[in-house]
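Okay, structure first, notes after.
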Amino acid sequence: MQAPPRPRSQARFRRTRSPRSLAAGQLLILGVVAYAGAALLNSITLVRMAERQRLGSWERSLYLSLTRPLHSLSEALLLDRPHHAIDELRGKIAPAPTTTAPTPTPSTTPVVPNDTTVPETPTTPPTAAPVETTVAAPRVPTTDDPLRLWIGGDSEAQSLGTALEAITSQKGVIKATLEYKVSSGLSRPDYFDWPAELAHVVAAPNGPEVMVVIFGGNDAQPLQLADGKVYDVTDQQWQDEYRRRVGAAMDLLGAAGRKVIWVGPPNAKSATFTSRLAVLSQIYSEEAAKRPDTIAFLDSRILFSDANGGYTAYLPDASGKQVLMRTQDGFHLSIAGANRLGRAVYTQLQALVPALNS
């Protein structure tokens, strides 16, 4: 005899089991990994954000102490490449400005605003004595014996050097070496000692015959001098000390007739920052003029100014198309901007080594 059907209330229902949810600890680990990955991919942005904090503040010192090692790791793992690719893409697709700025010509006559303000905390560096090495006069480089070119400096040297390496590699007779250090300069040897590093570079066997350097983006900050007092960029004592450091570096690099292209920093979106940078460019220009046989100064501000001499993010590229020349921080160069500066530096290089014109 067949059993009667079960009452609906007693019918068995299969309940679909939902996937097991992640434990709180697993979610925390995933979050940390995702955050670390994002930080590595955007490390240069984090460093630049730290640099924009009030100079001399504990926040700036703390943020830089955290972001600098992060950026070094990002560079070692090549995780900074996507950031540069995005800058390049932004330069290609961003809308053009409403006004067109003419293509400027490099000059060695800087214009220094009267209002210079500043700020941070440093020490007096040792003076590296010029290394007595023998450097041959400009020669005819060949594929078997290429011209030894060294490019170095602060974070601007990274983009400039990459562009210049690409330009010179097409010639086949130049061997370029790039060395840069983010957030470095001549003001803070306690962070990175450029005089010592430059002395090491020029003393190396088969050292560079021509050198391209760019400093300034991190140098317009207070200096604590031998008298124990702290001076700002507007103080004569600051300018005298920084001039001494620049002159010592130029003497070191230009020893034995070595040719040097000293590139001044570009202007900035911030008027205050631009006025500080102008003081540095004035010193670079004047010190280079004292050493015309070895040092050539290239004022990059003229390359990146609008028709009125002010800041502009857009300028025409080699084809005449308006492209974005700066990154979002209003100071550093985009890939298009680095290419623009790289071409100007190569023109100067051709003037120093006439054989490259053939």
Pick from T177, I261, L149, V202: which one makes a side chain to side chain contact (heavy atoms under 4.5 Å, CB included) with M211?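 Exactly one candidate clears the test, V202.
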Please confirm whether the backbone N or O of [Y] pairs with a side-chain atom of [X], one donor and one acceptor, at under 3.5 Å?
{"X": "S300", "Y": "G264", "result": "yes"}
{"X": "D145", "Y": "T142", "result": "no"}
{"X": "D306", "Y": "N308", "result": "yes"}
{"X": "R301", "Y": "A268", "result": "no"}
{"X": "T168", "Y": "L164", "result": "yes"}
{"X": "R258", "Y": "V210", "result": "no"}
{"X": "E156", "Y": "G153", "result": "no"}
{"X": "K259", "Y": "D293", "result": "yes"}
{"X": "S334", "Y": "L324", "result": "yes"}

Tell me the closest heavy-atom pair linking [X] and [Y], and the distance in Å.
{"X": "P146", "Y": "R139", "answer": "O-NH2, 2.9 Å"}
{"X": "L349", "Y": "L147", "answer": "CD1-CD2, 4.3 Å"}
{"X": "V140", "Y": "A355", "answer": "CA-CB, 3.8 Å"}
{"X": "E179", "Y": "V201", "answer": "OE1-CG2, 3.8 Å"}

Test ring pair (Phe, Tyr, Trp, His ring centres under 6.0 Å) on W262 and Y284; report intermediate values, then the result. CA-CA 8 Å; W262 193 290; Y284 301 150; 5.5 Å; yes
Once you round to the nearest 0.5 Å, how far does [atom1] of [X] lie from [atom2] of [Y]?
{"X": "T143", "Y": "K175", "atom1": "OG1", "atom2": "NZ", "answer": "13.5 Å"}
{"X": "R148", "Y": "E209", "atom1": "CZ", "atom2": "CD", "answer": "4.0 Å"}
{"X": "S187", "Y": "F215", "atom1": "OG", "atom2": "CZ", "answer": "10.5 Å"}
{"X": "T162", "Y": "I335", "atom1": "OG1", "atom2": "CD1", "answer": "8.5 Å"}
{"X": "F297", "Y": "R291", "atom1": "CZ", "atom2": "CZ", "answer": "13.5 Å"}

Could you check whether any side-chain heavy atom of S305 comes within less than 4.5 Å of a side-chain heavy atom of N267, counting everything from C-beta outward? yes
State, with a plain yes or no, whether a side-chain heavy atom of P266 is found less than 4.5 Å away from one of M325. no
Salt bridge (charged side-chain N to carboxylate O under 4.0 Å, His left out) evaluation trace for R243 with E287: CA-CA 8 Å; R243 183 182 298 276; E287 290 303 305; 3.1 Å; yes
Do [X] and [Y] have side-chain atoms, one donor and one acceptor, less than 3.5 Å apart?
{"X": "D317", "Y": "S319", "answer": "yes"}
{"X": "S285", "Y": "D299", "answer": "no"}
{"X": "H332", "Y": "S159", "answer": "no"}
{"X": "Q239", "Y": "D235", "answer": "no"}
{"X": "E286", "Y": "Q282", "answer": "yes"}

Tell me, with the steps shown, if D227 and K229 meet salt bridge (charged side-chain N to carboxylate O under 4.0 Å, His left out). CA-CA 6 Å; D227 60 6; K229 298 180 180 179; 5.1 Å; no
Show your working on salt bridge (charged side-chain N to carboxylate O under 4.0 Å, His left out) between D219 and R188 and close with a plain yes or no. CA-CA 8 Å; D219 276 355; R188 295 294 301 271; over 6 Å; no
What is the ring orientation for F192 with W194, classed by angle as parallel under 30°, tilted 30 to 60°, or perpendicular over 60°? perpendicular
Within one Ile-Leu-Val-Met-Phe-Trp-Tyr cluster: Y180 and I151, side-chain cutoff 4.5 Å: yes
Any salt bridge between D329 and K269, counting N to O under 4.0 Å?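 No salt bridge links D329 with K269.
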